[in-house]
Student: 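The structure that follows is given in the form of structure tokens.
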Amino acid sequence: MTGLPMTDATRAEICVVACAEAFRGDRNLLCNPIGNVPIIGGRLARATFAPEMVYTDTVSSLVAGNYPVGAADSEKVEKAVETYAPYRTIFDIVWSGRRHVLMGASQIDMWGNQNIAAIGGWDKPKAQLLGLRGAPGNLINHTTSYWVPQHSIRSFVPEVDVVSGPGYDRMRELGAPGNRFHEVRRVVSNLGVFDFDTPDRRMRIRSLHLGVTLDEVKDNTGFELAMDATQDEVAVTRLPTGEELQLIREVLDPNNLRDRELPA
Amino acid sequence: MTDSDTSHSAAANSAAEKHATDKRMTEAEVVAELRSGMTIGIGGWGSRRKPMSLVRAILRSDLEDLTVVSYGGPDIGLLCATGKVRKAIYGFVSLDSIPLEPHFRKARQSGAIKVMELDEGAFYLGLLAAAHRMPFYPTRAGLGSDMLAMNPEIKTIQSPYPTPPYETGETLVAMPALELDVALIHMNRADLSGNGQFLGPDLYFDDLFAMAASKTYLSAEKIIPTEAFRDEGSFHTLRISRIYVDGVVEAPRGAHFTECPPDYQRDEAFQRQYAATAKDPQAWQTFKQKFLDAPSHEAYLEAVESSP
């Protein structure tokens with residue numbers, strides 16, 4: 001069965017593979033996904049088609065080997081440490097550009113602006129969230145992708161309340177050469193995969209997950225999504241291969257943390 | 001000068017040296033050195049290796065109007081909840097296993113505090129600039145995001161060097177030095193004179209907090225003889241020099257309830273209890289009386305031990 005599409009894949013497993021696909025073509029850089037589904041996806045990519053990426057144990061080491069997601073599990077596993085990488089080193093890597101982060105977005109807009117800082121503006125927020133964290137530095141220095149497990153008009157918004165990670169309109173405004181390292185490669189949600197491969201760099205539907213309709217995506221998106229006019233219908237997100245499913249289920253996430261992040 | 005003079009003065013010097021290098025203090029003595037309105041940097045990261053016995057000593061004092069500079073965790077949360085904070089400077093405030101710090105959120109959402117919210121890498125460069133006595137360090141972090149709009153005091157600067165193939169230099173953020181009046185950090189081990197040793201996975205930015213401050217107070221799980229450091233860990237773990245340290249407090253479990261590996265992990269149950277008090281004023285009062293009003297670190301540990 002190896003290599004053939006499986007139909008018993010869950011939505012979470014389809015999302016794992018979509019996250020993995022965001023890293024296709026990445027070579028000597030730090031693969032740095034945040035969140036369970038992205039982490040499983042990153043490890044899957046390294047275990048299969050992107051072996052040259054290095055991977056963080058999310059504590060202080062860059063580590064080799066395939067081991068389960070989740071701190072408790074990974075502590076029990078003997079990890080081959082490739083490099084000592086405390087936070088200070090992570091910032092060095094960010095500024096060197098040798099990193100692709102796949103992080104969350106509480107809000108995202110059509111240009112790929114991301115908000116993880118606050119809802120309702122920053123003066124006196126209705127809801128204080130994480131803060132800017134590393135988003136401003138990430139976006140201006142290296143490739144970024146996003147994972148939004150709850151695709152709705154509350155997360156895919158016409159305008160984000162705070163720009164933590166700047167998108168393509170902000171980069172157009174900034175201009176060259178300041179914007180030269182910026183790339184928002186992919187947005188993976190529970191409904192589909194999106195990119196910015198459009199003439200004006202607005203968000204485009206790249207594929208919909210198996211069983212998701214175009215109307216469902218449109219109804220849950222607070223702005224107009226670009227679509228490939230050359231295609232009659234929107235592509236379906238690639239299904240996991242048998243080998244990928246086996247890796248996900250038996251090696252990378254035996255405790256099924258993926259379903260906790262994305263209930264079936 | 002006679003021989004006896006020489007030996008007398010050598011002995012006197014040696015005595016003075018011993019006295020000068022024993023920097024032991026109590027939490028109360030550290031807090032007595034602080035003043036309302038000061039800018040206080042706190043080491044650690046999120047809910048990891050925070051100098052909590054020193055933070056709690058501040059909570060018990062009449063200090064107010066503090067500017068707190070921190071990779072924020074329950075240090076910022078507790079100082080906000082007790083009304084000590086005028087302004088918080090941070091890249092994030094998180095309890096790690098509980099992503100959003102509820103007491104800090106409450107302070108933000110009620111408009112009780114001023115803030116300088118930064119990219120966490122820019123924050124590092126602000127500390128580094130202060131450590132090096134530079135007015136700023138340049139960075140790209142912040143360009144295009146709302147960091148500059150949120151903080152109009154942060155300026156940009158044009159590079160004097162052209163960026164090929166362009167003829168002009170690029171515009172960069174001039175991250176201002178985050179100068180501190182006082183830094184508080186917690187180490188696994190220290191000696192009497194203030195050399196500090198971290199034995200966990202990450203020093204975080206504690207050395208820069210110490211360097212960026214006019215005065216630094218270091219608490220440690222255990223004070224040991226200088227000669228014993230190498231029995232605890234390799235010399236790579238000896239990252240805090242006494243040249244930056246003004247006082248040393250021995251505080252076993254001094255980082256509780258944050259983690260301080262390898263000495264102990266985070267007290268998750270206690271942290272959950274702390275977080276839950278943000279929703280319930282009565283629970284907060286009980287928590288405060290039982291734990292935060294405990295008159296010393298020892299009394300606090302007893303209260304923690306005796307609580308179910």
Student: Taking everything shown except A:E224 itself, do over 12 heavy atoms lie less than 6.0 Å from its CD?
Tutor: no

Student: What distance do A:R133 atom CZ and B:F123 atom CZ have between them, rounded to the nearest 0.5 Å?
Tutor: 12.0 Å

Student: When you compare the side chain of A:M171 with that of B:L143, does any pair of heavy atoms fall below 4.5 Å?
Tutor: no

Student: Hey, can you tell me if A:F91 and B:Y71 have their rings parallel, tilted or perpendicular (30° and 60° cut-offs)?
Tutor: parallel

Student: Hey, are the side chains of A:L130 and B:L100 touching, using non-hydrogen atoms and a 4.5 Å cut-off?
Tutor: yes

Student: With distance as the sole test, does B:D202 use its side chain to make a donor-acceptor pair with the main-chain N or O of A:Y87 at under 3.5 Å?
Tutor: yes

Student: Under a 4.5 Å heavy-atom cutoff, which of B:F104, B:W45, B:F92 has the most pairs with chain A?
Tutor: B:W45

Student: Distance-only, no hydrogens or angles: does the B:R140 side chain make a donor-acceptor pair with backbone N or O of A:W95 under 3.5 Å?
Tutor: no

Student: Where does B:L125 contact chain A at under 4.5 Å (heavy atoms): side chain, backbone, both or neither?
Tutor: side chain

Student: Kindly say whether B:Y204 contributes a backbone atom to a donor-acceptor pair with the side chain of A:R88 at under 3.5 angstrom?
Tutor: yes

Student: Count the heavy-atom pairs under 4.5 Å between each of A:S60, A:G167, A:G134 and chain B, then report the option with the highest count.
Tutor: A:G134

Student: For the backbone of B:P201 and the side chain of A:Y84, can you confirm whether one donor and one acceptor N or O come within less than 3.5 Å of each other?
Tutor: yes

Student: Do A:K124 and B:R108 come close enough that some side-chain heavy atom pair is under 4.5 Å?
Tutor: no

Student: Between A:A176 and chain B, with a heavy-atom cut-off of 4.5 Å, which part of the residue counts as in contact: side chain, backbone, both or neither?
Tutor: both

Student: Counting heavy-atom pairs under 4.5 Å to chain B, which of A:G121, A:P86, A:G131, A:P125 comes out on top?
Tutor: A:P125

Student: Enter the distance from B:S145:OG to A:N138:CG here, rounded to the nearest 0.5 Å.
Tutor: 11.0 Å

Student: Are the charged groups of B:K114 and A:D123 less than 4.0 angstrom apart, N to O?
Tutor: no

Student: For A:L139, is it the side chain, the backbone, both, or neither that has a heavy atom closer than 4.5 Å to a heavy atom of chain B?
Tutor: neither

Student: When only pairs under 4.5 Å are counted, which of B:G121, B:S110, B:A141 shares the most heavy-atom pairs with chain A?
Tutor: B:G121

Student: Under 4.5 Å, counting heavy-atom pairs only, tell me which of A:K126, A:H182, A:E173, A:Q114 racks up the most with chain B.
Tutor: A:K126

Student: For the interface with chain B, which of A:P177, A:A135, A:G178 has the highest count of heavy-atom pairs at distances below 4.5 Å?
Tutor: A:P177

Student: Between A:A118 and chain B, which part of the residue has a heavy atom less than 4.5 Å away: side chain, backbone, both or neither?
Tutor: neither

Student: I'd like to know whether CD of A:E159 has more than 12 heavy-atom contacts from other residues, nucleotides or ligands below 6.0 angstrom.
Tutor: no

Student: Using a cut-off of under 4.5 Å for heavy-atom pairs, which of B:G72, B:G169, B:P99, B:A149 has the most such pairs with chain A?
Tutor: B:A149

Student: Report, as yes or no, whether the 6.0 Å neighbourhood of atom CZ on A:R172 holds more than 12 heavy atoms from other residues, nucleotides or ligands.
Tutor: yes

Student: Rounded to the nearest 0.5 Å, what separates atom CG in A:L132 from atom CD in B:E117?
Tutor: 4.0 Å

Student: Between chain B and each of A:A127, A:S61, A:S164, count heavy-atom pairs under 4.5 Å; write down the option with the most.
Tutor: A:A127

Student: Of all the heavy-atom pairs spanning A:P136 and B:D119, show the shortest one and how long it is.
Tutor: CD-OD1, 3.4 Å

Student: Does a sphere of radius 6.0 Å around CZ in A:R98 hold more than 12 heavy atoms from other residues, nucleotides or ligands, not counting ones at 6.0 Å or beyond?
Tutor: no

Student: For the interface with chain A, which of B:R105, B:M150, B:M147, B:E170 has the highest count of heavy-atom pairs at distances below 4.5 Å?
Tutor: B:M150

Student: Is B:Q109 reaching over with its side chain to a backbone N or O of A:Q128, donor-acceptor style, under 3.5 angstrom?
Tutor: yes

Student: Under 4.5 Å from any heavy atom of chain B, what part of A:I140 do you find: side chain, backbone, both or neither?
Tutor: both

Student: Report, as yes or no, whether the 6.0 Å neighbourhood of atom CD on B:E153 holds more than 12 heavy atoms from other residues, nucleotides or ligands.
Tutor: yes

